[in-house]
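Everything numeric in this text was worked out from a predicted model, so none of it was measured. For the single chain, residues carry numbers from 1 onward in sequence order. Any value given below was found using the heavy atoms of this structure, including those in side chains, with hydrogens, waters and symmetry copies removed.
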Amino acid sequence: MIGIIDQLDQNGFRKGNDLQFLSHIFTIQQDVDASVLVDRAKRLTHDFKKMGLRVKPMFYPAIGLLALIENSSKDIETIMSLYYRFNTEKQFRWKKDINFIIATNFIVRDKVENTSLITTGIQTTIETIIQAQQAAMIAGVTAAATASNSGS
C-alpha cells in the first residue's frame, strides 16, 4: 500500500516539511480513507488554481484542513473573496501568503464550530493545528519585522 506522502507526491504535491505536515493532518480523520483525502486535496488545489491562486507548499496544511471537511470545495469562492479583501487592506497587503492561510483558517474554524459531523476529538485537534499555524505565522512576521528594522 502506498503511503499518504507518496500518494500526495504522485498527485502533484512537492515533498518537504509542508507536505509532511499535510500528511499528519490527514491522520486526524481515521474513519476516511487516505485516498479520499488526497483526492479532496488535489481537487481543492486545482480549484484554487482555477481561481487564480498560485498554490505554494506553505498552503498545503491549510488545504489539508479544508480536505478534512466534506464538501469544502463550495467554500473556495468565500475563501478567495476574503483573501482578496485582505490583500487590499493596508494592514494586510504586505504578506499575501499569510492572508490565504488566515482566510482559510476563518472558514475552517467556522465549519468546525458549526458542524455536528466532526467529533469533539477531531474538532479539538483541528483547533490545535489552527493555533499552531497562527503561532508560526506570528513568529514569521515578528522575525521579518525584526530583520527589517535592524536593516534600517
Enquirer: Nearest 0.5 Å please: distance from the OG1 atom of T104 over to the CD1 atom of I63.
Expert: 7.5 Å
Enquirer: Where is the tightest heavy-atom contact between A41 and A67, given as atom of each residue plus distance?
Expert: N-CB, 4.0 Å
Enquirer: Evaluate the criterion side chain to side chain contact (heavy atoms under 4.5 Å, CB included) for residue pair I102 and I98; output intermediate values, then yes/no.
Expert: CA-CA 6 Å; I102 292 170; I98 300 301; 3.7 Å; yes
Enquirer: Check the surroundings of atom CG in N17: do more than 12 heavy atoms from other residues, nucleotides or ligands lie under 6.0 Å from it?
Expert: no
Enquirer: Quick one, R54 with F48, criterion side chain to side chain contact (heavy atoms under 4.5 Å, CB included). Give me CA distance, side-chain angles, the key distance, then yes/no.
Expert: CA-CA 8 Å; R54 182 173 162 249; F48 279 122; over 6 Å; no
Enquirer: Where is the tightest heavy-atom contact between V55 and K49, given as atom of each residue plus distance?
Expert: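 Smallest interatomic distance, heavy atoms only, reads CG2-CG, 3.9 Å.
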Enquirer: If I take atom OG from residue S35 and atom CZ from residue F26, how far apart are they, to the nearest 0.5 angstrom?
Expert: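 Rounded to the nearest 0.5 Å, the OG-CZ separation comes out at 10.5 Å.
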Enquirer: Identify the heavy atoms of R14 and L19 that sit nearest to each other, and give their distance.
Expert: O-CB, 3.3 Å
Enquirer: When rounded to the nearest 0.5 angstrom, what is the spacing between CE in M80 and NZ in K50?
Expert: 12.5 Å
Enquirer: Would you compute the distance between atom CD1 of I79 and atom CG of L66 and round it to the nearest 0.5 angstrom?
Expert: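 Here the rounded value is 4.5 Å.
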Enquirer: For Y84, does the OH atom have more than 12 heavy-atom neighbours from other residues, nucleotides or ligands under 6.0 Å away?
Expert: yes
Enquirer: Quick one: do Y60 and F21 satisfy ring-ring contact (aromatic ring centres under 6.0 Å, His included)? Show the steps, please.
Expert: CA-CA 8 Å; Y60 293 172; F21 193 7; over 10 Å; no
Enquirer: Counting heavy atoms not belonging to Q10, are there more than 12 under 6.0 Å from its CD?
Expert: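 For Q10, atom CD is crowded (more than 12 foreign heavy atoms under 6.0 Å).
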Enquirer: Side chain to side chain contact (heavy atoms under 4.5 Å, CB included), that's the test. Do R40 and I69 meet it? Break it down for me.
Expert: CA-CA 9 Å; R40 285 182 193 169; I69 300 168; over 6 Å; no
Enquirer: Nearest 0.5 angstrom please: F13 CZ to D18 CG, how far?
Expert: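 Result: 11.5 Å between the selected atoms.
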Enquirer: May I ask you to decide if Q20's main-chain N or O and S23's side chain share a donor-acceptor pair within less than 3.5 Å?
Expert: yes
Enquirer: Is the distance from the ring center of F100 to that of F86 below 6.0 Å?
Expert: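 When the ring centroids of F100 and F86 are compared, they turn out to be at least 6.0 Å apart.
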Enquirer: Side-chain donor-acceptor pair under 3.5 Å between N11 and K42, yes or no?
Expert: yes
Enquirer: Could you tell me the separation between the CG atom of L44 and the CG atom of D47, rounded to the nearest 0.5 Å?
Expert: 6.5 Å
Enquirer: Please name the pair of heavy atoms, one in K96 and one in N87, separated by the smallest distance, quoted to 0.1 Å.
Expert: CG-OD1, 3.3 Å
